[in-house]
Enquirer: 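Sharing a structure, written as structure tokens. Questions coming.
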Amino acid sequence: VLSIPKLYSINLHGSLLPEYRGAAPTNWAIINGERTSGVTVIRMNERMDEGDIILQREVKIGEEDTNITLSEKLSELGAEALSEAIGLIEKKSVTFTKQDSAKASYAPKLKKEDGIIDWSDPALKIHNKVRGLIPWPGAYTHFEGRILKIWETKVLDSPSDRTVKNGKVIDIIKNKGIVIKTASDSLVIKYLQLEGKRILDADSFLRGHRIEKGYRFS
């Protein structure tokens with residue numbers, strides 16, 4: 001396939017290579033709390049995402065960006081970058097830049113188990129997981145023996161009370177959400193979805209399901 005074109009094959013990748021080579025670059029960038037991302041056009045070779053760079057364009061990752069919104073940003077940016085790269089190829093004015101493999105990081109294909117929430121993690125880490133795993137597999141915990149997917153959260157600065165176990169509900173705030181104790185700060189669950197049901201805001205969910213202060217998610 002690489003030998004078919006008269007010149008060479010090119011590819012558009014959703015990261016600033018050599019960072020986040022692999023299948024899920026936007027997901028892992030958000031999960032890992034990155035503040036910037038971007039797109040890279042490369043001349044393809046036989047190795048995954050390791051070809052010489054033709055051009056790159058950078059974009060900021062907003063605090064409330066999810067995998068979906070970041071992907072939308074990069075799709076628009078990528079279209080512009082790809083058009084520009086083709087123009088450079090037509091003019092024979094491409095300057096190829098080799099990737100520094102010593103700086104490479106990887107974004108492996110997601111698995112369903114990647115979505116399991118560990119409530120002993122800091123609130124920010126869980127919040128980033130929620131943002132990065134939308135729409136699949138989603139960050140999830142368990143409630144009454146069923147999967148409970150978390151769709152939107154907020155980190156709440158709060159002193160850590162070591163007498164309270166991680167995963168416990170420490171407050172329920174009307175019109176804001178369910179506050180959960182974590183290893184560092186607290187996490188407010190704003191939107192959630194019980195397995196087989198539709199997405200609800202916290203207030204609506206609580207009208208149909210009994211969760212009180214002291215309940216512990218697992």
Side-chain angles (χ1 to χ4, degrees), residues 15 19-20 22-37 60-70 105-195 197 199-206 209-218:
S15 78
E19 296 178 354
Y20 295 106
T26 52
N27 301 96
W28 287 107
I30 292 178
I31 291 169
N32 291 336
E34 302 287 359
R35 293 302 181 197
T36 58
S37 183
K60 290 183 179 180
I61 301 177
E63 291 184 1
E64 301 305 318
D65 268 327
T66 66
N67 173 58
I68 292 175
T69 60
L70 179 57
S105 58
Y106 295 90
K109 185 177 179 180
L110 294 170
K111 306 181 292 295
K112 185 174 181 179
E113 52 265 34
D114 289 323
I116 298 172
I117 294 173
D118 183 350
W119 293 106
S120 64
D121 283 335
L124 181 59
K125 184 174 181 179
I126 299 171
H127 175 66
N128 289 340
K129 173 177 275 195
V130 170
R131 296 190 301 132
L133 294 182
I134 291 173
W136 191 92
Y140 61 89
T141 187
H142 293 90
F143 175 68
E144 295 181 344
R146 301 165 73 182
I147 289 175
L148 182 66
K149 186 180 288 190
I150 310 302
W151 281 89
E152 187 177 336
T153 57
K154 181 180 180 181
V155 176
L156 182 66
D157 293 338
S158 61
S160 181
D161 184 349
R162 294 186 179 182
T163 65
V164 179
K165 292 183 178 180
N166 296 322
K168 271 198 172 185
V169 177
I170 57 176
D171 202 0
I172 296 173
I173 307 173
K174 188 173 178 60
N175 298 323
K176 290 190 177 181
I178 304 165
V179 185
I180 311 295
K181 165 74 167 55
T182 70
S184 175
D185 297 320
S186 302
L187 191 74
V188 182
I189 299 176
K190 300 174 69 175
Y191 285 87
L192 61 171
Q193 179 184 24
L194 191 60
E195 185 178 3
K197 303 294 183 179
I199 301 170
L200 296 172
D201 62 74
D203 286 354
S204 298
F205 185 87
L206 291 170
H209 301 88
R210 189 178 181 84
I211 297 178
E212 298 177 336
K213 289 175 64 174
Y215 179 87
R216 189 181 182 196
F217 287 102
S218 59

Enquirer: What distance separates W136 CH2 from K149 NZ, expressed to the nearest 0.5 Å?
Expert: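 Here the rounded value is 9.0 Å.
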
Enquirer: Just by modelled atom types, is the N32 backbone N or O under 3.5 Å from a matching donor or acceptor in the N128 side chain?
Expert: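 No, the answer is negative, given that no donor and acceptor are paired below the 3.5 Å cut-off.
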
Enquirer: Quick one: pull up CZ in R146 and CG in L194 and give me the separation to the nearest 0.5 Å.
Expert: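 Those atoms lie 4.0 Å apart.
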
Enquirer: Indicate yes or no for a side-chain donor-acceptor contact from R131 to the backbone of D65 under 3.5 Å, with no hydrogens or angles considered.
Expert: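 Indeed, once roles are kept as given, a pair shorter than 3.5 Å links the two residues.
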
Enquirer: Locate the shortest heavy-atom distance separating P137 from L110; write the atom from each residue and the value.
Expert: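 Looks like CD-CD1, 4.0 Å.
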
Enquirer: Please check if the side chain of D203 supplies one atom and the backbone of N175 the other of a donor-acceptor pair under 3.5 Å.
Expert: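 Yes, because the side chain of D203 sits within donor-acceptor range (under 3.5 Å) of the backbone of N175.
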
Enquirer: So how far is it from I180 CD1 to I150 CD1, rounded to the nearest 0.5 Å?
Expert: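 Separation between the atoms: 8.0 Å.
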
Enquirer: So which pairs with a foot in residues 115-129 pass salt bridge (Lys or Arg N to Asp or Glu O under 4.0 Å), sequence neighbours left out?
Expert: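 Sorted pair list: D121-K125.
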
Enquirer: Just verifying a value: how many Å separate I126 CD1 and L187 CG, rounded to the nearest 0.5 Å?
Expert: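 The CG atom of L187 is 5.5 Å from CD1 of I126, to the nearest 0.5 Å.
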
Enquirer: How are the rings of H209 and F205 set to each other: parallel, tilted or perpendicular (split at 30° and 60°)?
Expert: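 Parallel: the ring planes of H209 and F205 meet at under 30°.
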
Enquirer: Do you know which two heavy atoms are closest between P108 and A24, and how far apart they sit?
Expert: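 In terms of heavy atoms, the two residues are closest at O-CB, 3.7 Å.
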
Enquirer: Could you check whether any side-chain N or O of D185 sits under 3.5 Å from a backbone N or O of S158, counting only pairs where one atom can act as donor and the other as acceptor?
Expert: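 Such a contact is found between D185 side chain and S158 backbone.
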
Enquirer: Within a strict 4.5 Å, meaning less than it, do heavy atoms of the E63 and R35 side chains meet?
Expert: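 Touching, per the 4.5 Å side-chain cut-off.
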
Enquirer: Kindly indicate, with the supporting measurements, whether the criterion side chain to side chain contact (heavy atoms under 4.5 Å, CB included) is fulfilled by V169 and F217.
Expert: CA-CA 8 Å; V169 177; F217 287 102; 3.8 Å; yes

Enquirer: With distance as the sole test, does Y215 use its side chain to make a donor-acceptor pair with the main-chain N or O of R210 at under 3.5 Å?
Expert: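 No; zero donor-acceptor contacts below 3.5 Å.
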
Enquirer: Could you pull out the closest heavy-atom pair between V155 and H127, with the gap in Å?
Expert: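 Where V155 meets H127 most closely, the heavy atoms are CG2-CB, 3.8 Å.
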
Enquirer: Go through the steps to decide whether H142 and I147 satisfy the test side chain to side chain contact (heavy atoms under 4.5 Å, CB included), and finish with yes or no.
Expert: CA-CA 5 Å; H142 293 90; I147 289 175; 4.1 Å; yes

Enquirer: Crowded around Y106 OH? As in, over 12 foreign heavy atoms under 6.0 Å?
Expert: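 Yes, OH of Y106 has more than 12 neighbouring heavy atoms, counting only those of other groups under 6.0 Å.
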
Enquirer: Applying side chain to side chain contact (heavy atoms under 4.5 Å, CB included) to I30 and L70, what does each step give before you reach the verdict?
Expert: CA-CA 9 Å; I30 292 178; L70 179 57; 4.0 Å; yes

Enquirer: Could you tell me whether a side-chain N or O of N27 sits under 3.5 Å from a main-chain N or O of G132, the two making a donor and an acceptor?
Expert: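 Present.
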
Enquirer: Kindly give the heavy-atom pair with the smallest separation between S15 and Y20, and that separation in Å.
Expert: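 Of all heavy-atom pairs spanning S15 and Y20, the closest is OG-O, 3.4 Å.
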
Enquirer: For N166, which residues count as a side-chain hydrogen bond (donor to acceptor under 3.5 Å, both in side chains) partner, sequence neighbours excluded?
Expert: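 Applying side-chain hydrogen bond (donor to acceptor under 3.5 Å, both in side chains) to N166 gives K181.
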
Enquirer: How far does OG1 of T153 sit from CD1 of I178, to the nearest 0.5 angstrom?
Expert: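 If I round to the nearest 0.5 Å, the distance is 12.0 Å.
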
Enquirer: Roughly how far apart are I61 CD1 and T26 OG1, rounded to 0.5 Å?
Expert: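 These two atoms lie 9.0 Å from each other.
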
Enquirer: Going by heavy atoms in the side chains, are L148 and Y140 under 4.5 Å from each other?
Expert: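 No - every pair of side-chain heavy atoms lies 4.5 Å or more apart.
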
Enquirer: For W119 and K168, indicate whether the former's side chain and the latter's backbone hold a donor-acceptor pair under 3.5 Å.
Expert: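 Between the backbone of K168 and the side chain of W119 there is no qualifying donor-acceptor contact (under 3.5 Å).
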
Enquirer: To check you understand the geometry: which heavy-atom pair defines the closest contact between A202 and L192, and what is its length?
Expert: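 The answer is CA-CD2, 3.9 Å.
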
Enquirer: Where the side chain of T182 meets the backbone of P122, is there a donor-acceptor pair that is under 3.5 Å apart?
Expert: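 Pair absent, no side-chain N/O of T182 close to backbone of P122.
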
